[in-house]
2 protein chains.
Amino acid sequence: MKYPLLAPLFLAVATVAFADEGMWLFSQPPRQLLRERYQFEPTDAWLGHLQKSCVRFNSGGSGSFVSQDGLLISNHHVGADALQKLSSKGTNYLRDGFYARSQADEVKCLDLELNVLQSIEDVTVRVNEAVPRSASAAEAFAARRKVIAEIEKESLTRTGLRSDVVTLWQGGAYHLYRFKRYTDVRLVFAPEQQIAFYGGDPDNFEFPRFDLDICLFRAYENGQPARVSDFLHFSAAGAREGDLVLVSGHPARTSRLLTLAELEDLRDQVIPARLNSLRRVEVMLGNWSERSEENARRARKSLLTTQNSRKAYIGRLEGLLDPSLVAAKTRSEAEFKSKLAARPECADALAAYARIADATKTMAAQASRFALLEGGEGFSSDTFRIARTLLRAGDERPKPNGERLREFSDSGKASLELGLFSEKPIYTDLEILTLADSLTFLAGQLGASSALVQNVLAGKPPRERAAELINGSKVRDVAFRKKLYEGGASAVAAAGDPMIELAAAVDAEARALRKVSETQTEIRQQAHAAIARARNSLLGTTGYPDATFTLRLSYGSVKGYEEDGKPVPAVTTYAGLYERAGGMKNVAPFDLPASWEKNKPRVNLSTPFNFVSTCDIIGGSSGSPVVNRAGEFVGIIFDGNLQSLPWDEVYSDKQGRATAVHSAAILEALNNVYDARNLAHELLNQGSLN
Amino acid sequence: MKYPLLAPLFLAVATVAFADEGMWLFSQPPRQLLRERYQFEPTDAWLGHLQKSCVRFNSGGSGSFVSQDGLLISNHHVGADALQKLSSKGTNYLRDGFYARSQADEVKCLDLELNVLQSIEDVTVRVNEAVPRSASAAEAFAARRKVIAEIEKESLTRTGLRSDVVTLWQGGAYHLYRFKRYTDVRLVFAPEQQIAFYGGDPDNFEFPRFDLDICLFRAYENGQPARVSDFLHFSAAGAREGDLVLVSGHPARTSRLLTLAELEDLRDQVIPARLNSLRRVEVMLGNWSERSEENARRARKSLLTTQNSRKAYIGRLEGLLDPSLVAAKTRSEAEFKSKLAARPECADALAAYARIADATKTMAAQASRFALLEGGEGFSSDTFRIARTLLRAGDERPKPNGERLREFSDSGKASLELGLFSEKPIYTDLEILTLADSLTFLAGQLGASSALVQNVLAGKPPRERAAELINGSKVRDVAFRKKLYEGGASAVAAAGDPMIELAAAVDAEARALRKVSETQTEIRQQAHAAIARARNSLLGTTGYPDATFTLRLSYGSVKGYEEDGKPVPAVTTYAGLYERAGGMKNVAPFDLPASWEKNKPRVNLSTPFNFVSTCDIIGGSSGSPVVNRAGEFVGIIFDGNLQSLPWDEVYSDKQGRATAVHSAAILEALNNVYDARNLAHELLNQGSLN
């Protein structure tokens with residue numbers, strides 16, 4: 001239930017992207033490729049409308065408005081964070097689904113922020129000019145942070161819009177993105193997870209597929225449904241094999257422009273370490289969940305996210321371990337470097353490769369410690385995350401805006417506070433479980449006799465220490481949080497909260513590790529910028545930057561593929577779902593919800609269910625609308641197939657596909673499985689029933 | 001479903017073992033302690049009878065004869081290896097159970113070897129005298145290996161009994177153990193795994209407990225049930241609270257005599273690395289099992305073993321991370337070292353600690369590579385294990401007996417061939433799965449660009465390479481194996497088998513790693529021997545050596561404990577089982593087999609089910625008989641509670657307990673759940689019905 005995506009610029013560094021590759025900036029759409037490959041010429045109005053119909057879920061994922069009354073659609077697994085937070089012992093919305101039969105029943109989500117992109121402005125020159133040429137990397141980082149904070153704050157003050165400076169092309173460009181924020185978002189409809197994630201972990205990232213991976217929300221303003229002028233018209237017919245389709249959403253991150261040294265680091269260090277941690281957490285949460293239904297409910301969202309990441313990383317790693325990928329990268333990098341070597345004015349770009357390799361090595365050397373202390377992996381718990389935010393807020397907020405840690409800048413204040421003061425449930429038993437496990441991991445990584453571990457454990461076994469810290473901390477009380485946040489550093493220090501004290505005990509080293517990371521990132525980014533400049537001057541500007549969780553446009557066609565010599569059709573149907581369940585004897589995770597068993601006679605079995613296309617997507621694209629030439633909603637991305645998992649590094653449409661729920665499947669389910677005819681009506685008629 | 005165990009000799013180095021601690025040698029039983037603590041004085045005949053009633057499962061675990069016709073009892077999870085190997089797509093004995101209503105229905109197990117200890121002889125002097133004082137560690141290792149091979153071969157030739165020289169006291173003593181071998185062992189009865197392992201992973205190592213963790217076999221000789229003169233009489237009344245009970249079985253390994261440096265290595269390196277691997281395999285097998293019922297059947301035994309080890313290692317690690325354990329160890333080691341420092345004649349023993357620390361460090365430095373290449377973790381598959389055995393057999397067998405790798409010595413030949421020529425099923429899909437996963441792990445550990453990994457992967461991605469190796473190898477054909485084994489090195493080389501070629505490609509380095517390991521182990525063992533000698537001269541011989549998968553005697557009493565301020569009674573009942581299932585809504589793994597649902601009205605609900613005692617056990621003790629003063633079978637060990645998991649390093653009976661199935665539970669189930677009255681009759685009347 002995710003979606004990787006993007007194309008191997010390094011395979012094609014001297015050419016435009018090939019096939020249907022590309023996660024294009026809305027400010028630089030692939031007009032020529034769309035014209036040449038699909039004879040499609042979107043107007044500015046067409047693009048602007050699509051852009052403003054799309055929403056970003058700051059909890060991770062994408063979505064789109066689908067009615068003038070602020071109704072919006074995303075995936076069930078994107079909505080899962082909200083569903084989990086709204087659930088309690090009696091009401092397991094994440095597992096059992098939810099349906100507000102009237103607007104009055106719509107439930108407000110906790111700490112959910114949606115962003116709609118309003119404008120893009122290139123601020124590269126201003127950002128770079130603020131950095132003195134003679135500056136050291138550390139100084140350059142500080143100067144850059146300062147000017148970015150200034151730009152963001154100016155923009156926020158002037159426009160009232162959320163303003164983020166986005167780093168593109170690994171440091172080659174800086175764009176100011178302005179977003180309209182929605183923070184009153186209400187849950188409207190979710191199916192049972194059993195059908196939203198039909199086939200569970202075994203079928204995740206597989207195809208053929210039968211997932212109704214949708215969730216409906218409504219944005220509100222001033223206590224009323226938001227009236228939106230840009231929303232997608234819903235197509236009852238939906239996508240058909242061979243159609244040109246376009247995807248507009250927020251792919252989180254790709255690694256296609258990385259150098260060979262960076263890819264090797266990913267392959268040999270970063271991903272194996274990440275997988276170790278994911279498996280540790282998966283086993284821990286899985287075992288704990290088996291112990292009781294309530295445990296399972298509490299850990300559900302975390303467990304699913306962990307399993308999903310594990311499967312995605314394994315797929316990425318498989319791609320990186322394919323020698324043909326590395327060989328192609330090696331060849332193209334060598335070719336480009338030989339071009340650079342032939343031109344004296346490109347000497348700096350050529351040398352940049354070594355700078356990147358050195359910086360990568362420096363960061364790799366501290367990667368484990370960084371993840372544990374600054375990444376918080378050694379103290380995994382909401383209690384620690386909140387405690388550290390309070391500690392750092394006390395230290396950072398008195399500083400000038402441009403000198404603070406980025407997450408405390410003025411422009412991000414509203415979003416930070418939304419998260420910090422969330423009333424989401426935090427479960428003491430689960431907190432102790434995850435903290436004890438991560439303290440054990442910390443001890444194993446750094447050695448139980450090390451001064452740091454001894455200090456952290458304070459003479460107690462990890463489980464006992466975890467219980468003491470979690471039970472002793474008051475930061476799970478929102479009023480207490482507000483008091484400390486408003487009271488500042490002195491209030492924080494005076495509170496004597498044991499978890500804040502733990503955060504304080506490791507903060508000096510965590511900050512030092514972060515400083516190294518920031519400085520090395522600055523070096524890498526400037527080296528990438530030098531390479532990008534040389535590439536532009538040698539080959540002309542072309543292509544698209546790596547994904548950065550900002551709005552991108554992809555395109556492709558609805559198209560099956562071949563696997564083990566057999567054709568895999570592009571579209572599945574309702575009939576296929578019932579066949580799959582029967583073939584697997586209705587045993588979990590292939591069992592059907594009661595609603596789908598009961599209403600089998602009512603549904604049209606020939607209704608399309610899921611479909612694949614060659615559109616270039618990746619994690620974060622989940623929930624992206626799939627639109628046709630007319631800009632109509634014909635489906636919603638929720639996954640990529642196994643062969644798409646290496647798209648993080650290299651796009652290929654030989655077998656790789658993006659997976660979507662068909663718009664007709666959504667209507668059929670709302671009408672004939674869930675009796676949610678008012679929603680189907682609102683989708684088709686662009687007006688709510690109220 | 002395992003059982004850790006053993007007491008902190010380091011806490012009590014100057015005294016006898018305290019409480020009910022100890023896994024005592026049958027050649028040095030704890031007569032004084034039994035007399036003082038329990039007023040019990042077992043005769044030599046009592047001990048000899050118990051010794052010869054006990055069997056060792058070479059697949060791992062213990063058991064005992066319970067009728068004169070060779071009927072023997074062990075745990076379901078000890079029998080699981082045999083049950084898995086005897087199952088096929090249609091017959092899932094491991095999950096569904098098995099019952100031979102007549103002797104003709106008893107099914108012969110594949111490659112199962114049982115050993116019954118006949119005699120113990122101290123050969124320490126002969127072993128040590130064969131090693132020249134001036135020898136280097138490598139030379140000493142070679143000389144010791146040679147004399148051990150000689151002793152074993154002489155004994156085998158003279159007695160016809162399996163003859164193993166066992167290293168005790170970490171190198172302080174060498175004893176020759178002679179065993180009667182049974183290799184025609186037939187499956188008689190197994191319950192459904194659902195009740196044998198009731199509560200699954202969540203309840204594993206927990207108490208109260210309700211597991212009918214038993215499996216019945218029959219030993220055969222010359223095609224007829226073996227007539228055994230030593231077997232345990234079955235007690236229908238069984239164990240009662242407060243009773244003295246004794247356990248006789250084969251605890252696999254404890255670490256109670258390790259130095260602080262060795263324990264720290266376990267805590268910070270060995271166990272965390274092992275846990276990483278276990279979790280990786282657990283997630284892989286778990287996901288694969290979810291995909292189909294047949295996958296689940298094929299992977300079942302491996303998955304259960306992996307989960308069990310993972311839970312046990314986590315418990316051990318928790319113990320090692322308890323600062324009080326390390327503090328006690330540090331203190332006792334310092335005290336003993338100060339005693340040594342005061343005596344010039346103990347200088348070598350004092351210096352031995354540093355030699356142990358150095359050797360530990362040397363081994364730790366190569367531990368990951370050793371596990372991958374010599375341990376075979378990089379090539380996890382039966383196909384690789386067989387291929388390497390064939391390769392090495394070709395190289396080793398022509399050498400003089402005393403110069404071979406230990407597993408190829410003349411005395412071990414019969415057992416080696418039993419395993420090598422086993423007709424057990426090997427599943428190609430599962431082989432490719434595990435091999436691909438471990439090749440990926442290998443690449444992550446050593447770096448995908450390293451020469452070794454490049455050589456191993458031969459320019460292909462891990463999954464493709466794994467499929468090529470597994471599909472291309474013929475070693476899964478037993479006739480092919482026999483041909484190569486008999487044909488020797490030239491036949492092996494001529495076969496051109498791709499998996500044998502892979503084994504050959506890494507064999508030089510694997511052997512080099514093993515040589516370092518053997519040499520360092522020799523250094524450690526001699527250092528431990530020096531410490532043991534000093535201890536004996538300072539404190540007198542006392543206590544028991546660490547467990548080595550040889551027969552040991554433990555004792556204790558049936559006794560509950562306190563947890564979270566509440567008493568945990570020593571004995572559970574049938575009524576408790578049905579209450580537990582109801583409380584957990586019969587949801588897996590807390591659901592009951594149909595046989596137990598159906599026969600609930602027939603069973604006596606007040607029948608005892610499981611019970612705990614203070615007997616000192618550990619992994620390998622599974623299946624050990626629990627006997628009373630009269631030497632009658634009153635239960636069977638199958639587990640230890642969570643608090644016993646640190647017994648690997650330190651015994652404590654504050655809360656730690658060994659868990660057993662009550663003998664009455666076995667009779668009640670055979671009679672009233674399974675209608676296996678002939679077996680109940682044979683157990684009680686010491687004669688088969690035939």
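Values below: every heavy atom of this structure, side chains too, minus hydrogens, waters and symmetry copies. Below, chains carry the letters A, B, ... as their sequence lines are ordered, and counting in each starts from 1.
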- Considering residues, nucleotides and ligands other than E293(B), do more than 12 of their heavy atoms fall under 6.0 Å from its CD? no

- Item | CG on D437(B) to CD1 on I314(A), rounded to 0.5 Å | 7.0 Å

- Shortest non-hydrogen contact between A443(B) and L321(A), atoms and distance: CB-CD2, 3.8 Å

- Side-chain touch P272(B)/Q445(A), heavy atoms, less than 4.5 angstrom: no

- In terms of heavy-atom pairs under 4.5 Å with chain B, which of A588(A), G444(A), P461(A) leads? P461(A)

- Message: To the closest 0.5 Å, what do you measure between CG (L457(B)) and CG (D322(A))?
- Response: 10.5 Å

- Message: Between K460(B) and chain A, with a heavy-atom cut-off of 4.5 Å, which part of the residue counts as in contact: side chain, backbone, both or neither?
- Response: backbone

- Answer yes or no: is there an ion pair linking E282(B) with R279(A), defined by an N-O contact shorter than 4.0 Å? no

- Task: Return the option, out of A448(B), S449(B), G286(B), with the maximum number of heavy-atom pairs under 4.5 Å with chain A.
- Result: A448(B)

- Kindly indicate whether the side chain of D201(A), heavy atoms from C-beta on, has any atom under 4.5 Å from the side chain of E290(B). yes

- For the residue pair S292(B) and M584(A), what are the closest heavy atoms and their distance? CA-CE, 4.3 Å

- Is there side-chain contact between R291(B) and E206(A), with at least one heavy-atom pair below 4.5 Å? yes

- Note on the structure: Cut-off 4.5 Å, heavy atoms of chain B, and the answer for F590(A) is side chain

- Query: Any side-chain heavy-atom pair from P462(B) and E318(A) closer than 4.5 angstrom?
  - Reply: no

- Message: Taking side chain as everything from C-beta outward and backbone as N, CA, C, O, which of these in Q454(A) sits under 4.5 Å from a heavy atom of chain B? Side chain, backbone, both or neither.
- Response: neither

- Message: Could you check whether R310(A) and N287(B), counting side-chain N and O atoms only, form a donor-acceptor pair closer than 3.5 Å?
- Response: yes

- Task: Quick one: which of V326(B), D203(B), D268(B) has the most heavy-atom pairs under 4.5 Å with chain A, could you say?
- Result: D268(B)

- Task: Measure R280(A) against the heavy atoms of chain B and call it side chain, backbone, both or neither at under 4.5 Å.
- Result: both

- Looking at CG of N276(B) and CZ of F441(A), how far apart are the two atoms once the value is rounded to the nearest 0.5 Å? 7.0 Å

